[in-house]
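Just so it is clear: chains get the letters A, B, ... in the order the sequence lines come, proteins before strands, and each one is counted from 1.
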Amino acid sequence: MTDSPKRILVLGVGNILFTDEGIGVCAADEIARLYDLSDNVTVMDGGTLGTRLMDPIMGCDLLIVVDAVLGDGEPGSIYRLTGEDLRKSLAFKDSMHQTDLVDTLIMCEIVGTRPDAVIIGMEPFDYHTLNVGISEVAKGRQEALMGFVLEEVVKAGGSCSLKANPSPITQEREPCA
Amino acid sequence: MAPKTPQSNFSGPVVVDPVTRIEGHLRIDATVENGKIVDVRSSSQLFRGLEIILKGRDPRDAQHFTQRACGVCTYVHALCSTRAVDNAVKVKIPKNATIMRNLVMGSQYLHDHIVHFYHLHALDWVNVANALQADPAKTAALSNSLNANRKETADQFKAVQTKVKALIDSGKLGIFTNAYFLGEKKNEAYYLPAEADLMAVKHYLDALHMQVKAARAMAIFGAKNPHTQFTVVGGVTNYDALKPDRIAEYKALTDEVIAFIRDFYIPDLLAVASFYKDWAGIGGTSNFISFGEFPTDEYNHDSRFFAPGVIMKRDIAKPQAMDQKKIEEHVKHSWYVGDKAHHPYNGVTEPKYTKLEDKDRYSWMKAPRYNGEACETGPLATVLVAFAKGHKPTVDAVTLVLKYLGVGPEALFSTLGRTAARGIECLVIANQMQTWLDALVGNVKSGDTELYTPWKMPNEAEGVGFVQAPRGALSHWIKIKKGKIENFQLVVPSTWSLGPRCANGKLGPVEEALMGTPIFDPARPVEILRTVHSFDPCIACGVHVLDAKTGQTASFKVL
């Protein structure tokens, strides 16, 4: 008997209306647009849906979250956090600055099926300005960000290849590329 | 004697910020004298000038942006923008498209109200820590006595206690962080018996499973999971949802959710309410507005299953028709330029921030008024209007609830009434879902599979979309010029219910509701949360940046 391949969910989260808040969603959209992925890989725009994401999250074995992350680095710095980092930060932190994504993972755990999670995140340049489209700094690092995400995908047993004829960018997503 | 909300003689300021779990979103600034609130300001700390982003874009694209304005209410904004453009371009959408939009909206209601009651509101009434003191066998007996379909066992409740104890002992409280029932001294403002606490905690966990199913049902018809993408100007595009196996899948999930609402949500609501009956005299407001929802004819507002309407000064003998011309948005006490009130078609969004402590201009929300009055919106407004108009399913459900609690209709004008109304609305919709589904199936069987009506973009037009979302009255107002968006205004439920004072100094509904509220422990003012949460304030709007700067534990890897 052979093990079925790991089900991998690439989940871009954030709000596309606040400049680099949308880094994760833009990266997920661009990966879906530019790459053919193996059947065990799903790419999803999670927005800021929080608990609405429990169903897809609980349906995967590995969750790769792409998000804006504040980590003291220069804007454009790319980080890798594991689920354990998130757990720690939550246990010791008094602030409520942690968001619904963390709550959602805890809820998945309480319900009984929390997948392994890794977060690939980028330090935002500007995540306050109401604006559709990511900053120049983030744009310059987007390919690298996507590269790290795809590296995780491959490491977990997924595969990806560049599409020969990617669909054009839709107007609503234009600022991502 | 039944326990009552304890009183104190505290005087001083009480600030709750954030009210929700998202920092910097909603702040309540109250002045307390001798244990009661005598002055209060509700302040939104988040600027949402979406109007600026939309100007100059294709009207059809509005929904892609508006559905991101609020974190979780994506569909209601998408629908509202679509209705606004439908209205502007004067397209008549097919019957099935209306049913499909209603079914997805129905699923959204079932999902949101379950989540609100168990996950956003229950912990204002239920003491999770106290659940550890409960006798599991007695808890099972209590729970099973509430509904004949419940078959719960002492072992199940024991397992829940073990789970909760592990969570509290680990310090990784997560979703319970900073809850007002925590602390060295028991918070006397919570007074459910331990068994009722434990019962509610178990159903909190069960409801987590159930809301996943409700969301999945919504996704079946909503086409793209998890953001719905099936609404278009002229109808809908989810042709896949007309297939018998998709409909069967939707029905199976929905039936399960409906059974949970009947057997658990409503009995739990009644049980908790019966212990907190003094809250039927706290937290009420005067005026109510509902846009009504679930049309059979998109062009006839009176065709909506829940009728639109207005109730003034609690007069349920005289429900008034809703006239959109009487809606205005004030900015005199908000962080915008000037003090002139505008009808939404002529709305202006010109931000001018002063400072956090400002008592004069203190919110990013504008202050919507109907005929000059602040109006509460949401389930209580919808239920009151429907009840006042003699809508039978609503009258039956309201009667059932009032009878169980042994109170009259005047009890509806309260925090408890608001929370009960949400359950009533949910039950009435749940009971109606099958009828809508049958209508869809009947149409498909007779060969009517039409979902879309073609239309042409006019050079100049204006239109409005009215949605009664789970949180309340939502409207999008569009002006089109040269085929592009010239002006776009959103008047959202949270601004109706949680907005600030208007130019005439009249308090916003949540402010009115909080006046006179008793505060027992100023460090844990759960009484404020009870009333604010009963309005279902938006919790996930805006930003979602992940803060990993956690001091001692920031050990993640830089790539």
Atom [atom1] of [X] and atom [atom2] of [Y]: how far apart are they, to the nearest 0.5 Å?
X: Thr113(A); Y: His209(B); atom1: OG1; atom2: NE2; value: 7.5 Å
X: Asp45(A); Y: Gln229(B); atom1: CG; atom2: CD; value: 8.0 Å
X: Leu130(A); Y: Ile53(B); atom1: CG; atom2: CD1; value: 4.0 Å

Identify, with sequence neighbours excluded, every residue that meets side-chain contact (heavy atoms from CB on, under 4.5 Å) alongside Glu249(B).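 Here the qualifying residues are Ile220(B), Arg246(B).
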
Non-hydrogen atoms of [X] and [Y] that approach each other most closely:
X: Thr74(B); Y: Leu49(A); answer: CG2-CD2, 3.8 Å
X: Arg68(B); Y: Gly47(A); answer: NH1-CA, 3.8 Å
X: Phe65(B); Y: Leu17(A); answer: O-CD1, 3.7 Å

Does NZ in Lys163(A) sit with more than 12 non-hydrogen atoms of other residues, nucleotides or ligands closer than 6.0 Å?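 Correct, the count exceeds 12.
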
More than 12 heavy atoms of other groups within 6.0 Å of Lys165(B) NZ: no

Heavy-atom distance under 4.5 Å to chain B: side chain of Asn131(A), backbone, both or neither?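 Interface part for Asn131(A): backbone (N, CA, C, O).
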
Sort out for me which of His119(B), Arg216(B), Lys163(B), Lys213(B) touches chain A most, counting heavy-atom pairs under 4.5 Å. Arg216(B)

Phe260(B): ring-ring contact (aromatic ring centres under 6.0 Å, His included) partners, not counting sequence neighbours: Tyr118(B), Phe264(B)

Between His64(B) and Val132(A), is any pair of side-chain heavy atoms under 4.5 Å apart? no

